[in-house]
Trainee: 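Handing you a structure now.
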Amino acid sequence: MAEQTQGPTTRPSPTPSGAGENAAVSLNTKWHLMGIAGGDEKSESLNTKDLRRVLASSMIGSIVEYYDFILYATAASLIFASVFFEGMPPAIGQLSAFATFAVGYLARPLGGIVFGHFGDRLSRKQMLVVSMLMMGVATVAIGLLPTPALIGVWAPILLVVLRVVQGISVGGEWGGATLMALEHAPESKRGFAAAFANAGGPAGGLLATFVVSGVSLATGDQFLVWGWRIPFLFSIVLILIGLLIRLKVAESPVFQRLEERAAERAEKQRLPITQVLLSHPRVVILTLVASLGFYACQGILTTWGVTQATNEGVAREAVLNIKGLAAVVTIVVAFVAARMSDRLGRRTVLIVGGVMGVIWAYPALLLMHDGTPWGFALAVVIGNGVIQGILAGPIGAYISEQFPPAVRYTGASLAYQGASTLGAGFTPMIATALMAAAGLMGVAVFWMAILALGVVAVVMSREGAVLKPKAA
């Protein structure tokens, strides 16, 4: 589908509306007239049996995927340096463990492209089932992986390979889970529906933290010997639950209509990634930059900031508890922000979140470095819980609605996963370097610049939500 599908089209309105609202009507009305705009037009409710199943599938599937993905991050911080890189100097062993962690982020855009291709050409639903199975197999295999004492250098090599599989899997999960929720939902509830997939991320991370803490407490001194494997093997239970729900979900109605149109015309499309890069490069760049602020908050506050707070004397247990509290706030705020985006527009909510982030960046950094649990809590709950929650709520719907349905899985996944690699993958390292070179102000300027660029990108984007005309 070419770029001109997003061309200007107007819809009668009882009152004059602004440019952003006209753009919203333009973008979605044309896709609606083509019969591929949204979910079930007969009902405006999400409280139906089929939609409840779809939303549960999106959220639970994302929880399972991100439980596995973030579980690895916890293990890389606390376990793998001792288990898989034993015998190295401590700093080198920890650096090696974090390097295997980073590989997963580098693989995420590849997963977005691969799963996006087949999700746009074959099936949204089938790709979600495949991504979940891939993640489950990789995670359980890590839990069963022999140590270097048994298989030598093959242990860390296989660890990296399995981490790549995890990255590819989670790279395909987000786009599919978001689209299944968004494309089943009525137009007026698409933002709220898409937020179920995004909420799975912090919920999965929260579950991983609780499981690791519980197993560590239960196994005591044996945690580093064999206890650490239990959270990875527990993934079998989560995968089975996720698959039972996901297999019962119907294929996206938008994709079904695309398939019918393609069959009627017997048309052969270009590769989705080629079509995205050739016909929609501006959209890819804008949505990727707009998403960087969301991931920069995550990278600075919950990765780099944790190290800074513990270095300043905040107890590790307090830091973990505060992170858990912030994750709960993120989930709640994300749903509220997503619902507001259905009423006010995606751009309005994202701009508010970005501006709040710019204002809060420097105070948050000062609070993280004051050496008290309360300072860290205030910085993270507001920055990660409230501000990142505001950005997380509408981001799934915002990105997805910028791309035409025929290449939506590929385009949305490429932009979002590219932002995850640059934002969450590299931001902690950049912040560390800036802290050494320019202190807190250097980190603050960098963080504020990313958020400000995100706001500019959102302003330059079209509004995807179909906003109802304002009353006279």
Side-chain angles (χ1 to χ4, degrees), residues 62-63 66 69-70 73 105 174 178 191 194-206 209 287-306 308-309 319 322-341 346-365 367-368 376-399 416-417 419-428 431 443-444 446-455 457-458:
S62 292
I63 288 174
Y66 282 93
F69 194 76
I70 297 173
Y105 277 97
W174 178 87
T178 300
F196 278 80
N198 256 9
L206 193 60
T209 300
T287 51
L288 189 155
V289 173
S291 304
L292 281 176
F294 164 76
Y295 271 114
C297 289
Q298 178 179 316
I300 289 177
L301 288 166
T302 64
T303 303
W304 179 80
V306 166
Q308 301 302 307
V319 168
I322 290 166
K323 277 187 64 178
L325 173 63
V328 173
V329 176
T330 302
I331 295 168
V332 174
V333 173
F335 278 117
V336 173
R339 192 69 191 98
M340 294 304 297
S341 80
R346 320 288 182 227
R347 296 195 309 167
T348 300
V349 177
L350 288 170
I351 289 169
V352 169
V355 171
M356 288 176 62
V358 171
I359 295 171
W360 185 244
Y362 188 61
L365 292 173
L367 288 167
M368 280 193 297
F376 180 73
L378 192 59
V380 174
V381 170
I382 294 178
N384 179 236
V386 177
I387 294 173
Q388 189 181 350
I390 292 173
L391 295 173
I395 198 72
Y398 160 76
I399 296 174
Y416 187 80
Q417 301 305 339
S420 78
T421 300
L422 296 174
F426 291 103
T427 294
V443 179
F446 167 69
W447 189 7
M448 288 188 287
I450 291 178
L451 289 162
L453 284 173
V455 170
V458 170

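These numbers come from a predicted model, not from an experiment. FYI, side chains are in, hydrogens and waters are out, and symmetry mates aren't considered; it's all heavy atoms of this structure.
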Trainee: Donor-acceptor pairs are to be reported for all side-chain atoms of residues 290-297 against protein atoms at under 3.5 Å, with residues two or more places apart or in another chain.
Mentor:
residue : atom : partner : partner atom : Å
Ser291  : OG   : Thr287  : O            : 2.8
Tyr295  : OH   : Arg108  : NH2          : 3.1
Tyr295  : OH   : Tyr416  : OH           : 3.1

Trainee: Distance-only check: which donor-acceptor pairs under 3.5 Å involve side-chain atoms of residues 195-206, not counting sequence neighbours?
Mentor:
residue : atom : partner : partner atom : Å
Asn198  : OD1  : Trp174  : NE1          : 2.6
Asn198  : ND2  : Ala392  : O            : 2.7

Trainee: As an exercise, state the distance from CD1 of Ile322 to CG of Leu301, rounded to the nearest 0.5 Å.
Mentor: 12.0 Å
Trainee: How would you list, by chain and number, every residue that makes a side chain to side chain donor-acceptor pair (under 3.5 Å) with Tyr398, sequence neighbours excluded?
Mentor: Ser461
Trainee: Could you pull out the closest heavy-atom pair between Met448 and Ala361, with the gap in Å?
Mentor: CG-CB, 3.6 Å
Trainee: State, yes or no, whether a side-chain contact exists between Trp360 and Leu451 at a heavy-atom distance under 4.5 Å.
Mentor: no
Trainee: Where do Arg346 and Ser341 come nearest, in terms of heavy atoms and distance?
Mentor: NH1-OG, 2.9 Å
Trainee: Working note: Leu365 + Ile300, criterion side chain to side chain contact (heavy atoms under 4.5 Å, CB included); need CA distance, chi angles, decisive distance, verdict.
Mentor: CA-CA 9 Å; Leu365 292 173; Ile300 289 177; 4.3 Å; yes
Trainee: Would you mind reporting whether Met356 and Ile390 have side-chain heavy atoms less than 4.5 Å apart?
Mentor: yes
Trainee: At their closest point, which heavy atom of Ala379 faces which heavy atom of Met368, and how far apart are they?
Mentor: CB-CG, 3.7 Å
Trainee: Check for a donor-acceptor pair, side chain of Ser420 on one end and backbone N or O of Tyr105 on the other, with a separation under 3.5 Å.
Mentor: no
Trainee: Any idea which heavy atoms bring Gly396 and Ala194 closest together, and the distance?
Mentor: C-CB, 4.4 Å
Trainee: Search all heavy atoms of Gly299 against all heavy atoms of Thr427 and return the closest pair with its distance.
Mentor: C-CG2, 4.4 Å
Trainee: A side-chain contact here means heavy atoms from C-beta on lying under 4.5 Å apart; do Val333 and Gln388 qualify?
Mentor: no
Trainee: I need the minimum non-hydrogen distance between Ala444 and Tyr362, along with the two atoms involved.
Mentor: CB-CD1, 3.6 Å
Trainee: Taking it one step at a time, do Leu288 and Leu422 satisfy side chain to side chain contact (heavy atoms under 4.5 Å, CB included)?
Mentor: CA-CA 9 Å; Leu288 189 155; Leu422 296 174; 4.0 Å; yes
